[in-house]
J.: 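A single structure is presented below for examination.
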Amino acid sequence: MTDKSAEQSRDFYRQDVKVGVYVCHCGGNISDIIDVEDVARDLSDYPGVSVSRNYIFMCSSTGQGLVEEDIRTKGINRVVIAACSPALHELTFRGTLERAGLNPYLYEHVNIREQGSWVHKSNKKAATEKSKKLIRAAVEKICRQNPLEAIRVNAARSIAVIGGGVAGMSAALSLGRQGFNVYLIEKENRLGGKLNSLWKAYPSEEDGEKTLEELEKDISSLNNINIYLESEVKKIDGYVGNFSVEIVKKGSPEKIKVGALVITTGYVHYIPFEGEYAYKTTKKVVTLPDFIEMLKDDEKNGSLKNVKSVAFIHCVGSRQNPSLDKPQKDEKVNDYCSRTCCTSALFRIKQLLEKYPDKKIFDFYRDIRTYGLQHESYYEELSKKGVLFFRYPEDTRPQVEVKGDKLEVKSKDILTWNEEVSVEVDMVVLLTGVMPADISVIVDDLKLPIGSDRFILEAHPKLRPVEVPNLGIYIGGTAQAPMDLLEAAYGGKAAASKASMLLSKGEISLDPFVASVNPELCDGCEKCIGECLYPGAIVMENGKAKVIPALCKGCGACAAVCHTRAINVAGYSLEQIDAMVEAISKE
Amino acid sequence: MQAEKMETDVFILGTGIAGMQAALDVADAGKNVVMVDKSPSIGGKMISLSKVFPTLDCASCITTPRMASVSHHKKITTFTYSEVRFIRKEAGRFRINFVKKPRYVIEEKCISCGKCEDICPVLIKDEFEQNLGAKKAISIPFTNAIPQYPVLDMEHCIACGACARVCPAECIDFSQKEREYELTASAVILSTGFEITPMNAKEEYGGGKFKNVISPLQMERLLAPHGPFSGVVRPSDGKIPDSIAFVQCAGSRDKSIGVPYCSRICCMYSIKQAQLLSGALPLADMTIYYMDIRAFGKGYEQFYQNAKAMGINFVKAKVGKIEELESGNLRLHIERQEGESLPEEVEHDMVVLSQGIRPTPEENFRNINGISRNEYGFIHLPSVPTFPNATGIDGIFAAGAAVGPKDIVDAVQDAGSAAIDALNYIKRTSR
Amino acid sequence: MGEIKSDKILIITTISNSYPGADAVGQSHLEYDPDTYIIRLPDPVLLPEDFYLKAYSKGIAGIIVMSSGSDCPYEGAYERLAQRVQKIYDKMKENGISISRLKLTTICTVCKAAFLKEIKGMRENIEKLKAVKDAS
């Protein structure tokens, strides 16, 4: 809907209501069962109705022309069309009204085909009577309808990307290329996040440093990306189009205004407790990131030369069970799969064996989850190279004990009749999982939903995978779930895509079907706030409730609890619904 | 025949969940999109599923609104039942030639009433129902297809003319010809999806031969609330099965069948189907024979653990071969990989073979100049991970399972990523 | 509370799920009771408790609330709705209205059989109540 059409709108709320009713035959689909002429005749006498017609195909250009003509010449200012399902033609007819200069929301669609003639074939009379009642109800509803306008919110053409790892960098780059003013906020003194410590990464085996340099080069080539290193977010408020973010950059505070937020705050590695698989009781038990550092160091110094045998233990800090594993501070264990450790481990073992083919490797796993295209080949290759795989049962954990210079790893092995196996090794690598980075300031300020796995919970994994319920906030990468490098890049860019879409027009246009408060009726009881499903969507102002349209989703939970009926969802006011039921009840 | 000329900003090939996501993102950013799909409805494979893991949302409840958004979007034009002949990059822009095959129905006049379908006397196999049911030779592709126009299967039509006589809008046109279009676009997104490994990939399992060895998509239809039999029954005799087996990796992780990789979705869809079956058939036993359970996505591990808690049997075993018994039951020769690993024979009423994902055939890419494929046959992405949707041709991006097996969640994420790449490409080249 | 005179069944549907579900029933040309009236809302959570009581007082014989259940696009709305319906049941009892006149259910976009079953069930409930009254 354009401003122009709103200006041209012939409708004014207090003007006398003149309803036009149009009953479609649908070429016999409706009229073979429902007596459309009788229905149209019946409605012509109904209070508020000025014109009532029936026509063979309302959706045809002639049918639509009838409506346009009546709006222009007969002063029709409300339209009811009884035809097929609104899924097919509701938007068609809204367009008809718009073309004739009438607000498109002064239109009500009645479904007398899918929910009329097609389901009441053997009872033509009842189907006809039912249609009359439903159309009367629609007339009652539309008589009580004000014109609606899309809600417009001015929006800053700038975006804060919080977290400068691969997801954040990919997001910032995509948004920068779209011409937005981007603030890329990173707490460390260099961008890249975990890319800094990945070294050679699967599957391309390219050096993380090289990938990082490429991204850094691209980012620095755009002067509309402002990089904030050694910076942290202290406070965020506002809503879509108008967020205000307080940043502390190298100790000094700064405030920025942005239209949208992209949260790519990433993950931290699980750190085993002291004594968990003998961790911290000996330096010979290391985590996966430690091992990557060692491999990197070995390239120069040959530091792994004397390590003859290594045991790898999967699912440390992942797929945990509360009766076997020690919980985190929040008293929950990590019951999720960390997704990347299997492939990462096998890839690192492959690297080790390429340099030292004689090393003895023992791998204690639960399921090998090498799901990616190339990943399965690592598994196959290692099996051929003599890596010994042991599958430990879900209800046990391998035991690690220090035995002199060696470590003893004991475990049950499902693959060999649940036998207890024991190996002596020089080193144990714990394949530690991932957990979301601590972003409690952001979570609290934005009231972000958090899943039981502590990662940010998206609004819907398939329909709105990088969104949260509140508009203007997008999530990407490992702040959302464990992901590998490539997947995090996709996630960051998907979030950028949504943010770009939102801010592309300089203002945000929102559906008009949101709640609003009649301040004359509101007595400030605040019940609506308690019932609202969207934090911050209703606020108190001068003792009255007020809806922030940009945050309201129009579910109407608030309307149901307002004892003075001061709050209603546009297009679905309780007054309208009551009037519809009244019309249906009447004989 | 004169090709109709059109112009757009972004051309998207494939209207599955990835293509739809990319189209909506591009169009909502204000650019025009033209989409082409070979199927008579948009929606891809997802629209035929029952429920989706791990949330157990009803698949059609998620896909239908998405399809409606695409078809109602002012900036998106969709061409269904159409095939691309070539995509060529010429002077920095893309020339796309495609033909719209005749439905023998005049779409502009059709009111989607289905009268033609009701009266048509010819029954043919219903691919949407995975051949478990029949449809008419002229029919709307499926309940919530978009667009809701019927397609006449000329091959099976007996030319009785009944449909033309009954049509109130006079829109049956037996002489309809294919229409050729010549489109110029600034950028291209390929979201051509995937194919499924054949049921007989491993002949020893009897897929495609034994009646009660069914495909996972057939099981989806049996489980769908609007499926072909309104319930889960055996194809051979309509019996309600008491014991159902899932054989994992029946089309994946096996070099000998040309699919060396993991198909990523099979573990999860089998667990989901087993969960849904234990709801639909509370008395039936469900057994999943597997190598590794790969529940790696968000919420998947918890979903797997729930399935175990529900009493679904997970057996780590290799299935050697399957025999069909006189009763229609199946005998599985298995070798357990846990406990007593002796060869064993087990009997089930019904078997679901976990088919995997394979790339769409090579000829689909032959006419897209310069697109290369990786060693597995999926679209090659040369700039991973810094530019992860870029194909070998600047301006053509790929999304979804066209680049490798992907579940819906992952496909949707990377479709959004491809959308912003296409927008940025337009921005860069229009300067 | 006034006597319920009509046989009308009011069906509250959601734009996202149960309304398209009702369309799917139509597309399959399945028949059901014509004395049924479908109202389309963003979500039934919008309706206050007194809406239901007023509807019965106007003569509506039964109300089926076809929510989106766990597929609801409004996170948390279904729980609110379910709690509200509990309260409505209490009020119905207070007012001498049989609680079998109100049913909360979940209908998806293709749940055709369930849709028909709910209508049949509500009709049976209404008939049973009539029979009891006739007998007394």
Side-chain angles (χ1 to χ4, degrees), chain A residues 26-29 57 59 84 87-88 91 166 174 177-179 204 211 214-215 218 319 335-337 339 367-377 380 391 414-415 417-418 451 453 455 460-463 465-466 480-482 485-487 489-491 493-498 500-501 504-505, chain B residues 17 25 28-30 52 54-55 57 62 65-66 68 72 111-113 115 148 168-169 253 260-262 264 292-302 305 316 337-341 374 376 378 384-386 388-389 404-405 408-410 412-417 419-421 423-424 427-428:
Chain A
C26 197
N29 274 291
F57 292 121
C59 60
C84 57
L88 297 167
L91 291 178
V166 69
S174 295
R177 286 174 172 152
Q178 275 294 295
S204 61
T211 306
E214 245 175 81
L215 285 169
D218 287 344
R319 300 180 70 186
D335 60 356
Y336 53 89
C337 165
R339 185 167 177 139
D367 292 281
I368 294 289
R369 294 181 168 172
T370 44
Y371 59 86
L373 260 190
Q374 296 89 341
H375 306 176
E376 189 72 23
S377 65
E380 212 188 304
R391 186 169 192 245
I414 292 178
L415 304 178
W417 303 276
N418 264 335
D453 54 8
F455 290 90
H460 190 284
K462 297 178 180 73
L463 289 175
V466 294
Q480 181 181 10
L485 183 57
L486 174 61
E487 291 156 351
Y490 282 137
K493 288 177 65 206
S497 186
K498 285 284 169 209
S500 160
M501 194 184 98
S504 60
K505 292 169 205 87
Chain B
I17 190 71
D25 279 7
D28 284 342
V52 284
T55 46
D57 288 309
I62 297 177
R66 189 114 295 205
H72 290 151
I111 54 164
S112 311
C113 69
K115 285 197 170 173
Q148 279 273 307
R253 298 179 68 185
Y261 50 82
C262 164
R264 288 173 76 145
D292 295 280
I293 290 294
R294 293 190 165 167
F296 57 82
K298 184 167 184 169
Y300 296 2
E301 175 68 19
Q302 295 90 327
Q305 297 301 337
K316 188 169 167 72
Q337 307 286 294
E338 52 187 11
E340 299 292 312
S341 73
N374 62 26
Y376 309 102
F378 295 97
V384 164
T386 48
N389 297 88
I408 296 165
V409 174
D410 289 347
V412 171
Q413 289 235 358
D414 96 68
S417 173
I420 189 95
D421 280 348
L423 292 171
N424 279 327
K427 192 134 194 148
R428 169 157 60 91

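We name chains A, B, ... by the order of the sequence lines, and we start the count at 1 in each one.
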J.: Specify the closest pair of heavy atoms between D28(B) and K505(A), including all atoms of both residues, with the distance to one decimal.
T.: O-NZ, 3.1 Å
J.: Pick from G30(B), G299(B), A295(B), A169(B): which one has the most heavy-atom pairs with chain A under 4.5 Å?
T.: A295(B)
J.: Tell me, side chain or backbone of S504(A) under 4.5 Å from chain B's heavy atoms, or both, or neither?
T.: side chain
J.: So R391(A) and D367(A), do their side chains get closer than 4.5 Å, heavy atoms only?
T.: yes
J.: Under the salt bridge (Lys or Arg N to Asp or Glu O under 4.0 Å) rule, what do R177(A) and D218(A) come out as? Steps first, then yes or no, please.
T.: CA-CA 10 Å; R177(A) 286 174 172 152; D218(A) 287 344; 3.7 Å; yes
J.: Which one, M501(A), R369(A), Q480(A), leads in non-hydrogen pairs under 4.5 Å with chain B?
T.: R369(A)
J.: So which part of H375(A) gets closer than 4.5 Å to some heavy atom of chain B, the side chain, the backbone, both or neither?
T.: neither
J.: Applying side chain to side chain contact (heavy atoms under 4.5 Å, CB included), can you list everything that pairs with V409(B), at least two apart in sequence or on another chain?
T.: P461(A), K462(A), Y300(B), D407(B)
J.: Tell me which of these, G416(B), P168(B), P405(B), S417(B), has more heavy-atom pairs under 4.5 Å with chain A than the rest.
T.: S417(B)
J.: Checking side-chain polar atoms at under 3.5 Å, does N418(A) have a donor or acceptor matched by the opposite partner on E338(B)?
T.: no
J.: Do the side chains of P482(A) and F296(B) get nearer than 4.5 Å, heavy atoms only?
T.: no
J.: Rounded to the nearest 0.5 Å, what's the gap from CD1 on I62(B) to OG1 on T55(B)? Could you check?
T.: 5.5 Å
J.: Among the options V412(B), I111(B), N424(B), pick out the one with the most heavy-atom pairs lying under 4.5 Å from chain A.
T.: N424(B)
J.: Only pairs of heavy atoms separated by less than 4.5 Å count here; which of G297(B), A419(B), S112(B), P260(B) has the most with chain A?
T.: S112(B)
J.: Hey, what's the ring geometry for Y261(B) with Y376(B), parallel, tilted or perpendicular (30° and 60° as the breaks)?
T.: perpendicular
J.: Under a 3.5 Å distance rule, please check whether R264(B) uses its side chain to pair with a backbone N or O of G372(A) as donor and acceptor.
T.: no
J.: With respect to chain B, which residue among A489(A), C26(A), S204(A) yields the maximal number of heavy-atom pairs within a distance under 4.5 Å?
T.: C26(A)
J.: Could you list the residues that satisfy side chain to side chain contact (heavy atoms under 4.5 Å, CB included) with A415(B), not counting sequence neighbours?
T.: A18(B), Q21(B), A22(B), A399(B)
J.: Tell me which of these, N389(B), L423(B), D410(B), has more heavy-atom pairs under 4.5 Å with chain A than the rest.
T.: N389(B)
J.: Please state whether the side chain, the backbone, both or neither of L91(A) comes within less than 4.5 Å of a heavy atom of chain B.
T.: side chain
J.: Considering only heavy atoms, which portion of D453(A) lies under 4.5 Å from any heavy atom of chain B: side chain, backbone, both, or neither?
T.: side chain
J.: Heavy-atom pairs under 4.5 Å with chain A - which of R253(B), R66(B), Q148(B) has more of them than the others?
T.: R253(B)
J.: Which residue out of K493(A), Q374(A), E214(A) racks up the most heavy-atom pairs below 4.5 Å with chain B?
T.: K493(A)
J.: By a 4.5 Å heavy-atom criterion (distance strictly below it), what part of P388(B) contacts chain A: side chain, backbone, both, or neither?
T.: both
J.: Can you tell which part of A495(A) gets under 4.5 Å to a heavy atom of chain B, answering side chain, backbone, both or neither?
T.: neither
J.: Start with the C-alpha distance between E487(A) and D414(B), add both sets of side-chain angles, then the distance that settles side-chain contact (heavy atoms from CB on, under 4.5 Å), and finish with yes or no.
T.: CA-CA 8 Å; E487(A) 291 156 351; D414(B) 96 68; over 6 Å; no
J.: Name the region of A68(B), side chain, backbone, both or neither, that has any atom closer than 4.5 Å to a heavy atom of chain A.
T.: neither
J.: Tell me, out of L463(A), V166(A), L485(A), who's got the most heavy-atom pairs with chain B below 4.5 Å.
T.: L463(A)
